[in-house]
Amino acid sequence: MKSSLHISVVGLGYIGLPTALLLAQNKNFLVSGFDVSKEKISTLEKGKLPFDENGLQALLSKVKKQKNFVASTELQSSDVYLIAVPTPQENGHSDLTYVMKALELIKPVAQKNALIILESTVAPEDCQTIQKLLKKWPTTVHFAHCPERAIPGNTLYEMVNNTRIIGVGSPQAKKIASEVYSSFVKGQLKYTDPVTAACVKVMENTFRAVNIALANELLKISYDLGINIWEAIELANAHPRVNIHSPGPGVGGHCIPIDPWFFVGPHADAKLIPTALKINDSMPQFVVDLLLKKSKESKKPIKKVVVLGVAYKKDVDDWRESPAEAIIQNLEKKFEVIVTDPLVKNFTHRIHSFEEALKNADAAILVTDHSVYKKADFKPFKKLQFVIDTRNCLKKNQFSTHTVLETVGNP
Ligand code: SAJ
């Protein structure tokens, strides 16, 4: 028998929208996308996306033709509610404001035996809190926690192909969740309880944060030793059990600088994790200090500095928690700062084109290693005295002899 689930996706952001569209590929599902933003809903109604993501526009156009996806600012009564709202960090704890708002909206419309799936990243303890809360509802509902695990820039591929960890609160939750996820996931579906599922998700991002911190600490050590850290890391990674991550100007995005804190607030014994997060947070200042040193050594005065890339990582238009913000704030104390990025559209500062930004610039700092920068020609910019590359992505042959290329980590 074909199932005809009605699924409401609460929160049409970077995770909710692609998930809703992947679900709506199944013609037997009716998918209602809910968001509080009228602007987002009207953009979607016009067949456009509120943000860019690889392959998402084509998927939206395909699903629109099938007529089983609707976007609205009103929440519909459904069989399944999939929550994908932000969970910021507040003093080392997860801030559940948006999750609680979503649950308040669901409560009056929830039918008996409906399934609530939480995809937002939360602290393990939060799953216990939420399950206790749901038990007090007048209607019996089931709960599953399936933390999102897709990487911005390759979201659709990872949503389809990654293994999913699904924490289920009851056999009924497992039955419905398996129907929902098996409709589009080609990777494995692994089941556990909700608290373990939350713990696994925070562990994954903590693994990454701690490893990036190690790379950043090694980069600082390389200055005392006078060695090229990039070469040293490449050589160390030739060992079969070593995988040192890449150092950089700091860690951005909505996950890695935030989620590991969810272990710190509730667990006073956590020492390594907060130290790692602080090392990562120290990197914007470290690269600004290098630029200041370089500008003092410079023969001609440095007045205009260009920031190349403000996105939190290469080839995405997302600048949430980007180290670029702290770098710009710091540089503005001394210099006129001009910002350029090939993908980011709305930022705290005006985004200039590459040529416009570098015209008459005295110096530049590359914050984001967008692919276009690897091929960019810096030779026409006659006043450019030096460029600080925080990602080891530029080559000397992109520059004229009058411009010095300084790669961070290669003193
Ligand atoms: N970065 C480094 N050095 C590295 C790797 C990354 O400095 O070696 C920086 C990046 O430049 C960026 C930040 O870290 O500023 C985070 O980038 P990322 O590519 O490591 O991760 P995100 O935030 O885009 O996505 C992560 C992913 N988690 C893991 O890889 C464990 C993704 O799978 C999760 O779904 C996502 O977090 C999330 O939503 O939690």
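Atoms within each ligand, like the ligands themselves, are counted from 1 in listed order.
- Close contacts between ligand 1 and Val251 involve ligand atoms 13 (C), 14 (O), 15 (O) [criterion: under 4.0 Å to a heavy atom].
- The Cys255 neighbourhood of ligand 1 comprises atoms 36 (C), 37 (O), 38 (C), 39 (O), 40 (O), with distances under 4.0 Å to a heavy atom of that residue.
- A salt bridge links Lys40 to Asp35: one of the charged nitrogens lies within less than 4.0 Å of a carboxylate oxygen.
- Checking Leu290, Val287, Ile327, Thr368 one by one against Thr390, the side-chain contact (heavy atoms from CB on, under 4.5 Å) holds for a single residue, Val287.
- Annotation: atom 31 (C) of ligand 1 to nearest protein heavy atom, Asn205 OD1, 3.3 Å.
- Between Lys345 and Asp52 there is a salt bridge, since a side-chain N of the basic residue sits under 4.0 Å from a carboxylate O of the acidic one.
- Of all the heavy atoms of Lys314, none lies under 4.0 Å from any atom of ligand 1, so neither backbone nor side chain is involved.
- Scanning the protein heavy atoms around atom 32 (C) of ligand 1, the nearest turns out to be Ala150 O, 3.8 Å.
- Glu204 and Arg208 are not joined by a salt bridge, as no carboxylate oxygen comes within less than 4.0 angstrom of a charged side-chain nitrogen.
- With hydrogens left out, the protein atom closest to atom 39 (O) of ligand 1 is Glu148 OE2, 2.4 Å, a heavy atom.
- Of the heavy atoms in Arg391, only side-chain atoms (C-beta onward) come closer than 4.0 Å to ligand 1.
- For atom 8 (O) of ligand 1, the choice among Ser322, Ser246, Gly252, Pro323 with the nearest heavy atom turns out to be Ser246.
- Close approach of ligand 1 to Glu204 (heavy-atom distance below 4.0 Å) involves ligand atoms 31 (C).
- Only the side chain of Asp259 comes within 4.0 Å of ligand 1, counting heavy atoms alone; its backbone N, CA, C and O stay farther away.
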Q: For Arg350 and Glu356, run salt bridge (charged side-chain N to carboxylate O under 4.0 Å, His left out): C-alpha distance rounded to whole Å, both residues' side-chain angles, the deciding distance at 0.1 Å, then the answer.
A: CA-CA 12 Å; Arg350 190 184 143 208; Glu356 199 187 346; 2.5 Å; yes
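- Asp126 places a side-chain N or O within 3.5 Å of a backbone atom of Ala123 that can act as its donor or acceptor partner.
- Using a 4.0 angstrom heavy-atom cutoff, Gly248 does not count as in contact with ligand 1.
- When Ile212, Ile151, Thr368 are checked for heavy-atom proximity to atom 9 (C) of ligand 1, Ile212 turns out nearest.
- For the residues Ile256, Val316, Asn216, the heavy atom positioned nearest atom 21 (O) of ligand 1 is part of Ile256.
- Ranking protein heavy atoms by distance to atom 12 (C) of ligand 1, first place goes to Tyr312 O, 3.4 Å.
- Heavy-atom contacts of Lys201 reach the following atoms of ligand 1: 35 (O), 38 (C), 39 (O), 40 (O) (cutoff under 4.0 Å).
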Q.
One pair to check against ring-ring contact (aromatic ring centres under 6.0 Å, His included): Phe378 and Phe354. What are the steps and the verdict?
A. CA-CA 10 Å; Phe378 292 85; Phe354 181 77; 5.4 Å; yes
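- For Lys220, the NZ atom sits in a packed shell: over 12 heavy atoms of surrounding residues, nucleotides or ligands are nearer than 6.0 Å.
- The residue Pro247 has no part lying near ligand 1, judged by heavy-atom distances below 4.0 Å.
- Counting heavy atoms closer than 4.0 Å to ligand 1, residue Arg149 contributes backbone atoms (N, CA, C, O) but none from C-beta onward.
- For atom 19 (O) of ligand 1, the closest non-hydrogen atom of the protein is Lys313 NZ, 3.1 Å.
- Between the Asn216 side chain and the Gly248 main chain, a donor and an acceptor come within less than 3.5 Å of each other.
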Q.
Evaluate Phe29 against Phe184 for ring-ring contact (aromatic ring centres under 6.0 Å, His included), listing each step before the verdict.
A. CA-CA 12 Å; Phe29 290 167; Phe184 68 92; 9.1 Å; no
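- Between Glu158 and Arg164 there is no salt bridge, since none of the side-chain N atoms of the basic residue sits less than 4.0 Å from a carboxylate O of the acidic one.
- A donor atom on one side chain and an acceptor atom on the other are found under 3.5 Å apart for Gln285 and Asn330.
- For atom 18 (P) of ligand 1, the nearest non-hydrogen atom of the protein is Arg208 NE, 3.9 Å.
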